[in-house]
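As C-alpha cells, the structure follows; a few thoughts come after it.
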Amino acid sequence: MVDEALEKLNYDFDFDIISDIQLIAKSGINKPPAITINDKVVVEGYIPTVEELVEKLKEI
C-alpha cells in the first residue's frame, strides 16, 4: 500500500516495516499497525486505504 501511494504521488521515499516490539513501544505506538511520518504517528490501529495514505503523504 505504501509503495502504491508513493507511486501515485511520484514520490521516491524509503520506508521501513518495524516489527520489533521494543522499537514500536519507543515510537509511542500503542495500537499496531501504524504509520509514522517524520517521527509523528499519523495512522494507528488500522490499515489505511491507499487514498488515505496519499493524503497523509501530501501533508509532509
Indicate every side-chain donor-acceptor pair of residues 39-57 with a distance under 3.5 Å to a residue at least two apart or in another chain.
residue, atom, partner, partner atom, Å
Glu44, OE2, Asn30, N, 2.5
Glu44, OE2, Lys31, N, 2.9
Tyr46, OH, Glu52, OE1, 3.4
Tyr46, OH, Glu52, OE2, 2.5
Thr49, OG1, Glu52, N, 3.0
Glu55, OE2, Lys58, NZ, 3.4

Report task. Applying side chain to side chain contact (heavy atoms under 4.5 Å, CB included), run through Phe13 and Val2 and close with a yes or a no. Result -> CA-CA 10 Å; Phe13 292 127; Val2 175; over 6 Å; no
Report task. Evaluate the side-chain proximity of Phe15 to Ile35: yes if any heavy-atom separation is below 4.5 Å, no if none is. Result -> no
For a quick test of your reading: what N or O donor-acceptor pairs under 3.5 Å do the side chains of residues 16-29 make, sequence neighbours left out?
residue, atom, partner, partner atom, Å
Asp20, OD1, Gln22, N, 2.9
Asp20, OD1, Leu23, N, 2.9
Ser27, OG, Leu23, O, 2.9

Scan the side chains in residues 3-11 for donor-acceptor partners under 3.5 Å anywhere in the protein, sequence neighbours excluded, and list what turns up.
none

